[in-house]
Amino acid sequence: MTKKHSSTIRDVALKAGVSETTVSLSFKPLSRVSDETRARILAIANELNYVPNSVAQSLRVGRTKTLGFIVNDITESFYSVMSRTATDTAYNYGYQLIYAENGWSPTKAIESTKSMLAQRVEGLILCLCEKEVTSIQLIESLRIPHIVVDTSPDFYKGPYVINNEFAIGELAGAHLIEQGCRNIGFFNASKDMASFSSFSQQLAGLKRAVGAAGISMQSKDNIFAGISIEDGAQAFKRLLERDIHYDGILCINDEVAYGVMQEAERRGLKVGRDLAVIGIDNLKTSSLDRVALTSIHMNYELMTTLAVSTLINGIESGHEITSRIVLEPELIIRSSSQLSR
DNA sequence: GGGTATCTGAGTTACCCCTC
DNA sequence: GAGGGGTAACTCAGATACCC
């Protein structure tokens with residue numbers, strides 16, 4: 001059985017009665033082929049459903065024009081914004097993208113990285129999970145152009161486009177204080193993830209803003225919830241069962257905030273009166289809920305556009321990428337945090 | 001069994017040739 | 001000599017053949 005699945009440049013050349021060179025050049029505008037010959041070859045190529053083999057092209061020119069994008073968890077909602085923006089931006093530069101996820105695991109991260117390298121990506125966009133040292137060492141040792149997005153772990157010293165995590169906590173804290181909240185809790189990720197630098201910085205920012213109002217947050221106010229709606233609901237439920245009450249809560253993402261709001265409603269608490277809730281990510285659905293969720297908006301479109309264009313410019317120029325860009329968050333105030341008392 | 005040479009895939013490109 | 005076309009070398013890495 002033959003491995004051949006589609007027409008090749010040879011088939012087109014044979015049928016057109018020209019060389020493979022002439023066929024190849026016919027696909028390049030402004031090349032030396034006459035208009036008449038070009039039109040005839042393109043018509044035959046179309047008739048034979050000929051599509052140039054990008055693997056062979058890459059082999060010859062030594063380039064794949066492909067970027068790899070490794071995310072932490074493909075199911076997280078803001079990655080859909082990032083992946084679409086990355087794909088569109090790369091396409092505008094004539095590049096394509098392939099995706100993988102690290103599942104928040106350094107082991108899986110190294111596997112995903114090796115898989116990307118095996119496919120000869122020319123550059124990598126990385127969402128780094130904490131302790132992902134090995135994959136970064138591999139990428140740096142091979143001098144693969146790369147850029148980190150979203151958040152940057154403390155150990156990472158390379159280029160990035162990230163959010164100002166500290167400002168996220170600070171913005172939320174200042175708003176909660178402004179609403180009259182005096183008993184403020186931070187719904188963090190699960191215990192094993194809560195030490196990640198992004199969450200730590202958010203908590204630090206929150207503490208700073210709350211502290212400025214003369215209120216100090218204790219370690220008990222850092223609640224290990226998780227990252228899902230169910231996690232938020234369960235964590236809130238556990239607090240109520242222990243008779244622990246907060247009047248202001250910052251959640252590490254909108255989904256946890258939804259969980260808190262759902263559980264609060266189930267317990268007869270009115271969000272926006274008894275309790276102010278703020279999420280992070282500003283998902284599209286945040287403004288649609290019965291009680292619209294106040295959330296921290298982070299410009300993932302801008303972040304991704306900057307990262308992809310910076311990476312491609314670095315690849316094309318051959319210069320080392322050194323950009324370290326920090327994007328400022330924006331507080332989108334809705335009814336979940338506007339206390340009417 | 002290990003090492004080396006050759007082949008394979010499909011397309012690109014440097015260099016050469018032919019014609020008008 | 002310009003325009004238009006062809007030949008052959010070349011790309012990489014895995015598979016296969018061959019030799020010692």
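Lettering of chains follows the sequences in order, A, B, ..., and the numbering in each one begins at 1. Note that these values count all heavy atoms, side chains included, but never hydrogens, waters or copies made by symmetry.
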*Asks:* Looking at A/Q57, I'd like to know whether one of its side-chain N or O atoms comes within less than 4.0 Å of OP1 or OP2 on B/dA10.
*Replies:*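 Answer is no, no contact under 4.0 Å.
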*Asks:* Can you find a donor-acceptor pair, distance only, under 3.5 Å between A/T21 side chain and B/dT12 base?
*Replies:*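 No, the side chain and the base share no sub-3.5 Å donor-acceptor pair.
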*Asks:* Any salt bridge linking A/E320 with A/R143? Criterion: basic side-chain nitrogen under 4.0 Å from a carboxylate oxygen.
*Replies:*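 No, this pair does not count.
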*Asks:* Between A/T22 and C/dG4, is there a contact of a side-chain N or O with OP1 or OP2 at under 4.0 Å?
*Replies:*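 So the side-chain polar atoms of A/T22 never come under 4.0 Å of the phosphate oxygens OP1 or OP2 of C/dG4.
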*Asks:* Can you check the A/R10 CZ to C/dG6 P distance for me, whole Å?
*Replies:*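 The distance from CZ of A/R10 to P of C/dG6 comes to 14 Å, rounded to the nearest Å.
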*Asks:* Over all strands shown, is A/F27 touching base, sugar-phosphate only, or nothing at heavy-atom distances under 4.0 angstrom?
*Replies:*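 No contact at all - A/F27 keeps every heavy atom at 4.0 Å or more from the nucleic acid.
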*Asks:* What is the distance from CD1 of A/I9 to C1' of B/dA10, rounded to the nearest Å?
*Replies:*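 Between C1' of B/dA10 and CD1 of A/I9: 8 Å.
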*Asks:* Output all residues satisfying side chain to side chain donor-acceptor pair (under 3.5 Å) with A/E140, sequence neighbours left out; order by chain, then residue number.
*Replies:*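 None.
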*Asks:* Between A/M303 and A/I162, which heavy-atom pair has the shortest distance, and what is it?
*Replies:*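 Heavy atoms only, the tightest pair is CE-C, 4.0 Å.
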*Asks:* Given 3.5 Å as the limit, does a donor-acceptor pair link the side chain of A/S105 with the main chain of A/T107, or not?
*Replies:*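 Present.
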*Asks:* Would you mind telling me which residue lines up with the more 5' stretch of DNA chain C, A/L25 or A/R120, judged by nearest nucleotide?
*Replies:*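 Checking each residue's closest nucleotide, the 5'-ward one belongs to A/L25.
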*Asks:* Rounded to the nearest angstrom, tell me the gap between atom CG in A/L48 and atom P in B/dA10.
*Replies:*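 A/L48 atom CG is separated from B/dA10 atom P by 15 Å.
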*Asks:* Nearest-Å distance, CG (A/L117) to P (C/dA13)?
*Replies:*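 To the nearest whole Å, that distance equals 13 Å.
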*Asks:* In whole angstrom, what separates A/R63's CZ from B/dT12's P?
*Replies:*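 Rounded to whole Å, this separation is 15 Å.
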*Asks:* Using only side-chain N and O atoms of A/S19, determine if any of them is under 4.0 Å from OP1 or OP2 of C/dT7.
*Replies:*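 Answer no for this pair, as no side-chain N or O of A/S19 is under 4.0 Å from OP1 or OP2.
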*Asks:* Considering every strand and a 4.0 Å limit on heavy-atom distances, what is the contact class for A/V23: base, sugar-phosphate, or nothing?
*Replies:*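 Touches nothing.
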*Asks:* Within less than 4.0 Å of OP1 or OP2 of B/dT12, is there a side-chain N or O belonging to A/S24?
*Replies:*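 Checking B/dT12 against A/S24, a side-chain N or O does come within under 4.0 Å of OP1 or OP2.
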*Asks:* Can you measure A/R38 atom CZ to C/dG3 atom P for me and round it to whole angstrom units?
*Replies:*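 These atoms are roughly 14 Å apart.
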*Asks:* Under 4.0 Å between a Lys/Arg side-chain N and an Asp/Glu carboxylate O for A/E263 and A/K237?
*Replies:*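 Between A/K237 and A/E263 there is no salt bridge, as every charged N stays at least 4.0 Å from the carboxylate O atoms.
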*Asks:* How close or far is atom C1' of B/dA10 from atom CG of A/L14, stated in whole angstroms?
*Replies:*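 In whole Å, B/dA10 C1' and A/L14 CG are 15 Å from each other.
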*Asks:* Regarding A/S58, tell me which of base, sugar-phosphate or nothing describes its non-hydrogen contacts under 4.0 Å with the strands shown.
*Replies:*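 If one applies the 4.0 Å heavy-atom cut-off, A/S58 turns out to touch nothing in the nucleic acid.
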